[in-house]
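Before any comments, here is the structure.
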Amino acid sequence: MLRKIDRRVRYLGKRLEELKIVDYVPEQEGKVYFGAWVEIENEAGEQKILRIVGIDEIYDHHPQHISIESPMARALLTKQVDDEVEVYTPLGKKVWYINSIRYEK
């Protein structure tokens, strides 16, 4: 267990040099960008609330966080409320609609 913790600390120490803080900018309001909380819904009425984060933030295994590198995040980027989003998955194409977008300021 200590070995895993030590490995993670070394990894994060190296990553600190490359990390960049992304601050909220009013111009991003109304569109999906890094850090956005996005509520989406499919045709069956299934709803999800997701937050687009960096790959290093996925470590916490927060069920609502998705990596900016994921297919869902890539499909959502720059979209607006009421836009239709097509996400290609191993099971085929999925269609989602954006209900809301918000940012923590």
Side-chain angles (χ1 to χ4, degrees):
M1 180 65 148
L2 288 176
R3 189 178 309 159
K4 285 183 181 180
I5 293 170
D6 188 46
R7 186 176 334 135
R8 183 71 181 160
V9 168
R10 278 195 317 268
Y11 170 77
L12 291 174
K14 291 176 184 176
R15 293 289 299 152
L16 279 175
E17 299 168 6
E18 300 174 26
L19 295 179
K20 180 174 140 182
I21 295 175
V22 179
D23 291 322
Y24 169 79
V25 179
E27 289 81 25
Q28 65 193 47
E29 198 66 43
K31 289 192 175 189
V32 179
Y33 292 105
F34 185 85
W37 284 96
V38 185
E39 181 184 326
I40 57 175
E41 182 175 356
N42 64 15
E43 292 175 343
E46 178 186 3
Q47 294 182 340
K48 294 181 180 217
I49 297 175
L50 306 170
R51 184 170 190 206
I52 300 175
V53 299
I55 190 126
D56 293 313
E57 296 173 271
I58 297 295
Y59 182 73
D60 295 337
H61 301 292
H62 192 288
Q64 293 176 308
H65 288 182
I66 61 171
S67 167
I68 194 158
E69 297 175 9
S70 70
M72 175 66 84
R74 287 186 202 161
L76 288 169
L77 286 175
T78 71
K79 299 293 192 278
Q80 301 177 54
V81 172
D82 295 329
D83 279 356
E84 181 179 289
V85 178
E86 294 180 351
V87 181
Y88 294 92
T89 71
L91 300 175
K93 181 175 78 170
K94 306 288 182 186
V95 177
W96 294 88
Y97 301 93
I98 299 177
N99 291 337
S100 69
I101 303 165
R102 68 180 171 82
Y103 291 90
E104 291 179 2
K105 299 171 183 139

- Please name the pair of heavy atoms, one in Y33 and one in L77, separated by the smallest distance, quoted to 0.1 Å. CA-CD2, 3.9 Å

- Please tell me if the side chains of H62 and R51 come closer than 4.5 Å, counting only heavy atoms from C-beta onward. no

- Query: Which heavy atom in S67 sits nearest to a heavy atom in A73, and how many Å separate them?
  - Reply: O-CB, 3.2 Å

- Query: If you measure from CD1 on I52 to NE2 on H65, what distance do you get to the nearest 0.5 Å?
  - Reply: 11.0 Å

- Task: Evaluate the side-chain proximity of I55 to E69: yes if any heavy-atom separation is below 4.5 Å, no if none is.
- Result: yes

- Query: Are the side chains of V53 and I66 in touch, meaning some heavy atoms are under 4.5 Å apart?
  - Reply: no

- Task: Only one of V85, V87, I101 passes side chain to side chain contact (heavy atoms under 4.5 Å, CB included) with L76; say which it is.
- Result: V85

- Task: Could you pull out all residues at least two apart from N99 that satisfy side-chain hydrogen bond (donor to acceptor under 3.5 Å, both in side chains)?
- Result: E39, E41

- Item | Closest non-hydrogen atom pair between K93 and E86, with its separation | NZ-OE2, 3.5 Å

- In terms of heavy-atom contacts, Y88 and P71 come closest through O-CB, 4.1 Å

- Message: Please report the interatomic distance OH(Y97) to CG(D83), rounded to the nearest 0.5 Å.
- Response: 11.5 Å

- Over all heavy atoms of both residues, which pair between K79 and E84 is shortest? Give the atoms and the distance, please. CE-O, 4.4 Å

- Task: Could you tell me which non-hydrogen atom of M72 sits nearest to which non-hydrogen atom of L50, and how far apart they are?
- Result: CG-CD1, 3.9 Å

- Message: Check for me, please, whether L91 and V95 land in the same ILVMFWY cluster - side-chain distances under 4.5 Å, paths through other members count.
- Response: no

- Item | Connected via hydrophobic side-chain network under 4.5 Å: I40 and F34 | yes

- W96 and W37: same hydrophobic cluster, using ILVMFWY side-chain contacts below 4.5 Å? no

